[in-house]
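Taking it in order: structure first as C-alpha cells, then the write-up.
Source: prediction; values computed, not measured.
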Amino acid sequence: MFSKVLFGRFVPTNSLIHRLDPRAKLVLSLYFIVIIFMANSWQTYAWLAAFTLGVILSTKVPLKFFWDGIRPLVWIILFTVILQIFFSSGGHVYWAWGILSVTQFGLVNGVYIFCRFLLIICMSTVLTLTTQPLMIADAVEALLKPLAKLKVPVYELALMLSIALRFVPTLMDESQKIMNAQRARGVNFGTGSLIKRVRSLIPILIPLFISAFNRAEDLATAMEARGYSGGEGRSKYRLLHWHRADTVACVVMLGVTLILFELRYLA
Amino acid sequence: MALPKIEFKQVAFTYQPNTPFAVKALDHINLEIPENSYTAIVGHTGSGKSTIIQLLDGLLLPTSGSIRVDENVISATSSNAQLGRIRSQIGIVFQFPEAQLFEETVLKDIAFGPQNFGKSEEEAFALAREAMQLVGLDADLAERSPFELSGGQMRRVAIAGVLAMKPSILILDEPTAGLDPRGQRETMQLFERLHVDQHVTVILVTHQMEDAAQYADQIAVMNGGQLVKVAEPAQIFANPQWLKDNHLTVPKTTQMAHELERGGFTFNPYPLTLEQLAVQIKRQLESRTQ
Ligand SMILES: Nc1ncnc2c1ncn2[C@@H]1O[C@H](COP(=O)(O)OP(=O)(O)OP(=O)(O)O)[C@@H](O)[C@H]1O
Ligand SMILES: [Mg+2]
C-alpha cells in the first residue's frame with residue numbers, strides 16, 4: 001500500500017515547475033501553506049483550489065496518478081474531519097445524540113479544515129514530486145546559511161539531511177530484499193496476532209540495521225579517504241541558479257495573494 | 001508422460017503497474033522445468049532473471065498468466081495459504097544471501113527456516129546440524145554469532161539456512177558472486193551433489209557460462225524480459241554470433257573449440273568441459289597422424 005503514496009517521491013516529467021530553483025519552490029510552498037490559513041470563505045477556498053489545480057496540471061504528472069497517490073492520505077484527513085464535525089457545536093443543530101451532534105458551524109468548519117489539509121498535501125506533494133531530494137537539501141542549506149554566523153552547524157546539518165535523503169531509496173531496496181529472503185524462509189508478515197506480527201519484524205530489522213551501520217562506516221571511510229574535513233569553505237558541485245522564471249513564480253504567487261485578499265474582503 | 005514439475009504459462013510481470021514508473025520486466029514467458037533437472041537461466045543484466053525467480057516462489061504475483069509448481073498454482077489471485085505450501089518446498093539462495101542472517105547463533109539462524117515451516121525446535125536443530133555438515137562448516141561454529149564469521153563462512157551459513165528446509169526445488173541466484181575461486185568451486189560442487197544424490201531440482205541464475213555449461217541439462221536464455229531460447233547447453237553454445245546478439249559470452253572451452261575450428265578441427269557436439277575438449281582434440285590429432 002505504501003508504494004502508492006506519492007508524497008516524498010520525485011517524478012521526472014521535466015515540466016516548467018521541475019526547472020524552477022529549489023529555493024524558490026521551497027519558500028513559495030511554505031508561503032502558500034501560510035496563506036491557506038487566510039482563506040475564510042468558499043470563494044477564497046475555490047480560488048486557492050483553482051490555483052493548486054493549475055499548478056498540479058502544469059507539472060505534467062497525470063492527474064489520475066496524482067489523485068491515486070494522495071488518496072490514502074485523504075482518507076486519513078476525512079476521518080479526522082468527521083470526528084471534528086461530531087464533537088463541535090454552534091449554530092443550527094441538524095442532528096444530536098448524547099454528546100454527538102452535527103451543527104451548522106461544525107459542518108462548515110469541518111469542510112474548511114478538510115479543504116485546508118487537502119491543499120497543503122497537494123502543494124507539498126507537488127514540491128517533492130518536482131524537486132529531487134538532494135535539491136531540497138541544497139535549498140535548505142542555502143536558506144539556513146545566514147544562521148552559520150550564529151554558530152549553527154549549517155553545513156553539518158545539510159550534509160546529514162542529504163545523506164539521509166540519499167539513502168532512503170537504498171534502504172527501501174535493501175529492506176525489500178531482506179523481506180523476500182525471510183519470506184522465502186517461511187516468515188509470514190501481516191498475519192496472526194499482534195505479538196506475532198511484531199516478532200516477525202525482528203528478522204528484517206536486525207539485518208537492516210547491520211547493513212545500515214556497515215554502509216555508514218564505509219561511507220565515512222570513503223569520505224575521509226578522499227579528504228573530507230567538514231563543510232566549511234567547500235565549493236559545490238551542484239550550483240543553484242536563480243532564473244527569470246523564479247522571479248516570475250514569485251510574482252505569480254504575489255498575484256494569488258492579492259486576489260485572495262480581495263476575495264476575503266468582498267465576502 | 002509425467003507432467004513437468006514446474007510450468008510457466010504465458011507469464012507477464014510489470015513492476016509498479018499503472019504509474020509513470022511502470023516497468024514491464026517479463027512478457028510471454030512459457031517454460032517447463034522437469035523433475036530432477038538442472039536448469040540454468042542466463043541473460044544480460046536487467047533481462048528479468050531475478051524477477052522470474054521471485055515469481056516462482058510467490059514473492060511477486062504475476063500480472064497475468066500462471067505458474068504451476070507440482071499441483072499448486074500461482075496466479076494474480078493466489079492466497080497466502082497456497083503460497084505457503086509452495087514456499088515450503090522451494091529453497092532460494094539469493095544474491096549475497098549473508099544479508100539475511102539475524103539470529104544470535106549460527107545454529108539458530110540455520111534452524112529458522114525449518115521452524116517457520118512447522119518443525120519443532122529439536123527437529124530444526126537436528127536439520128541445522130546436518131546442513132552445517134553439508135556445507136562444510138565446523139560443528140564448533142554452531143554457538144558462535146554469525147556476525148563474527150568471515151564473509152565466506154557467512155555465505156555458507158546462509159546457504160545452510162536454505163538447505164535445512166530440505167527443499168525439493170533449489171533456486172540459486174548467482175550463489176558464487178564475490179567468493180574466491182576455491183569457494184566458488186566448492187559451492188557449485190555442493191549443489192551438484194544435492195542434485196545427483198538427493199534428486200533436488202536445481203534452477204541456477206548465473207553470469208558464468210562455464211557453470212551453466214558444466215552443470216545444467218537445459219539452459220534458458222533471457223533477453224529484455226523475453227525468454228528467447230530453451231535448449232541443451234551444447235546447442236546454446238554452438239553459435240557464437242547468436243550468443244553475442246543476446247549479450248552472452250561463450251564458455252572458455254567452447255571458445256577454444258571455435259578457434260580450433262578455423263584451424264581445421266571439427267567438433268560435434270561442442271565440448272562444454274575441459275575433459276570433453278581434450279578427448280575430442282586427442283581423437284582428431286590421432287586420426288591425422290595415421
Ligand atoms: N523493484 C523494482 N521496481 C521497478 N523495476 C524493477 C524492480 N526490480 C527490477 N526492476 C526492473 O525489472 C527489470 C528486470 O530486473 P531483474 O532484477 O529481474 O533483472 P536480472 O536479470 O536479475 O538482472 P541482474 O543480472 O543484474 O541481476 C529491470 O529492467 C529492472 O530495472
Ligand atoms: Mg538479478
- request: Would you indicate whether Arg199(A), at its atom CZ, is surrounded by more than 12 heavy atoms from other residues, nucleotides or ligands within a distance under 6.0 Å?
  value: no
For Phe21(B) against Phe65(A), the heavy-atom pair lying closest together: CE1-CZ, 3.8 Å
message: Is it the case that atom CD in Glu122(B) sees more than 12 heavy atoms from other parts of the structure closer than 6.0 Å?
response: no
query: Counting heavy atoms not belonging to Tyr31(A), are there more than 12 under 6.0 Å from its OH?
result: yes
message: Does Asn36(B), at its CG atom, have more than 12 non-hydrogen atoms belonging to other residues, nucleotides or ligands within less than 6.0 Å?
response: yes
Nearest heavy-atom neighbours spanning Pro207(A) and Ala99(B): CB-O, 3.2 Å
statement: Checked Thr13(A), Ile178(A), Val187(A), Ile202(A) vs chain B; the most non-hydrogen pairs under 4.5 Å come from Val187(A)
query: Gln54(B) and Asn180(A): which non-hydrogen atoms are nearest, and at how many Å?
result: OE1-ND2, 3.1 Å
- prompt: To the nearest 0.5 Å, how far apart are CG in Asn188(A) and CZ in Arg87(B)?
  reply: 7.0 Å
query: In terms of heavy-atom pairs under 4.5 Å with chain A, which of Phe94(B), Phe102(B), Phe117(B) leads?
result: Phe102(B)
message: Could you tell me if the side chain of Lys177(A) sits less than 4.5 Å from the side chain of Phe96(B), heavy atoms only?
response: no
- line: Turns out that what part of Glu98(B) lies under 4.5 Å from chain A's heavy atoms comes down to neither
message: Tell me whether Met223(A) at atom CE has more than 12 heavy atoms from other residues, nucleotides or ligands lying less than 6.0 Å away.
response: yes
- prompt: Contact part of Phe147(B) toward chain A, heavy-atom cut-off under 4.5 Å: side chain, backbone, both or neither?
  reply: side chain
field: Under 3.5 Å donor-acceptor, Gln182(A) side chain and Gln100(B) backbone
entry: yes
Chain B contact via Leu205(A) - side chain, backbone, both or neither, heavy atoms under 4.5 Å: neither
- request: Count the heavy atoms of every other residue, nucleotide or ligand shown that sit under 6.0 Å from CG of Leu239(A), and state whether that count exceeds 12.
  value: yes
field: More than 12 heavy atoms from other groups under 6.0 Å of CD on Glu104(B)
entry: no
- prompt: What closest approach, in Å, do Phe112(B) and Pro203(A) show between heavy atoms, and which atom pair accounts for it?
  reply: CZ-CG, 3.7 Å
- request: Any chance you could measure Ile210(A), atom CD1, to Leu101(B), atom CG, to the nearest 0.5 Å?
  value: 8.5 Å
query: Under 3.5 Å, side chain of Arg183(A) to main-chain N/O of Leu59(B), donor-acceptor pair present?
result: yes
field: Heavy-atom contact with chain A under 4.5 Å, split by part of Asn80(B)
entry: side chain
